[in-house]
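First the proteins, then the strands, lettered A, B, ... as listed; each starts at 1.
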Protein chains: 2
Amino acid sequence: MTPTVTQTGTLSTRERILLEASRLFARNGYRGTSTREIAAAVGIRQPSLFHHFPSKQTIMAELIDIDHAEATRVAKREAAASGSPAVRLYRYLVADISFICRCAYDLSSVESVLNDSDFGDKRQRHNELQGARLAIIEEGIDSGEFVKSDPLIAHKVITWILRGDIVDTAGEPQADADDFAHQLASFVLRAVLADPDRVDEIRAGVELEMNQG
Amino acid sequence: MTPTVTQTGTLSTRERILLEASRLFARNGYRGTSTREIAAAVGIRQPSLFHHFPSKQTIMAELIDIDHAEATRVAKREAAASGSPAVRLYRYLVADISFICRCAYDLSSVESVLNDSDFGDKRQRHNELQGARLAIIEEGIDSGEFVKSDPLIAHKVITWILRGDIVDTAGEPQADADDFAHQLASFVLRAVLADPDRVDEIRAGVELEMNQG
DNA sequence: ACTCTGGCCTATCGATTGATAGGGTAGTCG
DNA sequence: CGACTACCCTATCAATCGATAGGCCAGAGT
């Protein structure tokens with residue numbers, strides 16, 4: 001499984017390559033990071049990397065898959081679920097944000113390399129994720145639970161917030177990942193809800209679910 | 001002056017270098033873009049670039065300056081101004097977003113290269129910009145106009161929204177830059193205002209100012 | 001007519017890139 | 001013991017990088 005921030009003690013060389021590569025990609029970009037830098041961070045020589053990954057590209061590809069696997073799983077589940085769109089959007093946001101905070105890998109660079117032609121095949125899954133998010137928002141607007149406005153604006157903003165969260169808070173142990181996730185999700189909900197006062201009630205409900213499940 | 005999207009017709013070679021470089025940096029990253037690619041997009045050979053800029057780094061540095069000059073100007077003006085923090089935050093957001101939409105250069109790559117050690121000296125100005133934004137938010141919370149919450153969360157989200165706007169909408173002619181800017185600013189205000197219903201009143205007020213000034 | 005300058009060109013530099021070839025060694029299994 | 005595997009090493013490759021040197025040429029100034 002993908003390691004969390006609390007269990008970075010005993011990692012295999014392969015996992016340490018993913019970890020150090022993710023951090024260097026986050027700071028200097030995919031193209032701006034050389035395989036020699038990654039190897040030095042891990043504590044091995046550059047050619048030794050290729051005993052664990054056939055190329056630099058496959059290192060990045062695996063990081064993309066780690067990011068997308070969890071995000072699309074949660075988004076599709078909430079998009080297909082029934083019940084209040086507001087609660088489902090809130091649940092999705094909290095799950096995604098707290099995953100980002102908890103994941104040991106710094107996945108900041110994932111979004112920015114999707115434009116790269118080398119990773120064009122990964123974009124389809126990313127589009128599915130976007131579609132699942134948009135569906136929840138449209139349902140919320142149609143049901144009157146959300147304020148009447150352009151769903152694409154709300155969708156853009158949510159995408160940007162999640163992207164910013166990845167870039168700025170991923171990979172470094174968050175003091176309280178869950179609380180941070182709830183605060184961000186509440187911010188979004190307050191902006192989209194027709195009745196912003198319902199935020200506290202929704203938050204309390206989801207927190208209760210999480211403590212029970 | 002920095003060209004706008006509506007006047008990309010007759011540009012000097014130097015300006016076309018900035019334009020094409022900004023687009024390539026946005027798509028492939030600073031490190032991922034070679035000077036040969038930039039030259040090919042402009043329609044000249046690679047060494048000819050160095051008759052207009054002493055290095056690849058100074059091309060990026062000039063794009064950073066273009067971005068920061070306008071953003072810090074507006075942010076500091078609104079941070080120093082008196083009157084309702086909500087109105088000042090709204091004015092700042094609209095000004096910044098519409099500038100991004102109108103600027104011919106695609107400034108997406110600016111934020112991501114600030115971590116790069118090559119551009120460490122540009123970071124100070126960026127920090128000043130962040131400080132000015134945070135000051136307005138704190139003032140709004142202290143005055144009771146904004147909802148009581150962690151100002152750093154609101155500040156983070158606003159930073160992420162502006163960053164996302166730059167990445168996703170910069171450099172391509174926006175159908176209606178002003179309307180888009182107002183919609184985004186309204187989204188943010190609805191989330192931070194203690195009384196979200198005031199959004200429409202604030203928007204109307206600022207629109208009136210802009211039409212008069 | 002002569003010179004100078006700006007802007008582009010070709011040719012080429014040293015450094016760095018991702019990746020390969022092949023050898024050494026510790027541990028495991030028969 | 002001998003073979004095999006896993007893992008890391010040194011040495012090296014061709015390709016590409018940013019940047020420099022120096023030549024060609026059109027247009028302006030005198």
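- No side-chain donor-acceptor contact under 3.5 Å links A:Lys156 to the backbone of B:Leu184.
- No salt bridge links B:Lys122 with B:Asp67; every basic N to acidic carboxylate O contact stays at or beyond 4.0 Å.
- Residues satisfying the salt bridge (Lys or Arg N to Asp or Glu O under 4.0 Å) test with A:Arg203, not counting sequence neighbours, are A:Asp179, A:Glu207.
- Considering all non-hydrogen atoms of both residues, B:Ala181 and B:Val94 come closest at CB-O, 3.8 Å.
- Rounded to 10 degrees, the angle between the two end axes of the helix from C:dA1-D:dT30 to C:dG30-D:dC1 is 10°, with five pairs used at each end.
- A donor-acceptor contact shorter than 3.5 Å is absent between the side chain of A:His182 and the backbone of A:Val206.
- Contact of the B:Val110 side chain with the B:Ile166 side chain is not registered, since no non-hydrogen atoms from C-beta on lie closer than 4.5 Å.
- Straight-line distance from the CG atom of B:Leu24 to the P atom of D:dC17: 12 Å, rounded to whole Å.
- Rounded to an integer number of Å, the gap from A:Arg14 CZ to D:dA6 P is 14 Å.
- In this structure, B:Gln46 places its CD atom 12 Å from P of C:dT10, rounding to the nearest Å.
- Taking a 4.0 Å limit (strictly below) on heavy-atom distances, residues 47-60 of chain A reaches DNA chain D at A:Pro47, A:Ser48, A:His51, A:His52.
- Here C:dT16 presents its P atom at 13 Å from CG of B:Asp118, a figure rounded to the nearest Å.
- As a whole-Å value, the separation of A:Arg45 CZ from C:dA19 C1' is 17 Å.
- For DNA chain C, the residues of residues 27-36 of chain A within the heavy-atom distance limit of 4.0 Å (strictly under) are A:Thr33, A:Ser34, A:Thr35, A:Arg36, sorted by number.
- Pairs passing the ring pair (Phe, Tyr, Trp, His ring centres under 6.0 Å) check and including a residue from residues 60-82 of chain B, sequence neighbours excluded, read B:His68-B:His126.
- We find that CD of A:Glu37 is positioned 7 Å from P of C:dT17, with the value rounded to whole Å.
- No more than 12 heavy atoms of other residues, nucleotides or ligands lie within 6.0 Å of CZ in A:Arg27, so this atom counts as exposed by the packing criterion.
- Here ring pair (Phe, Tyr, Trp, His ring centres under 6.0 Å) pairs that include residues 26-53 of chain A, with residues two or more places apart or in two chains, are A:Phe25-A:Tyr30, A:Tyr30-A:Phe119.
- The backbone N or O of B:Glu78 lies less than 3.5 Å from a partner atom in the side chain of B:Arg88, making a donor-acceptor pair.
- Counting only distance, with no hydrogens or angles, the side chain of A:Thr58 and the backbone of A:Ala61 share no donor-acceptor pair below 3.5 Å.
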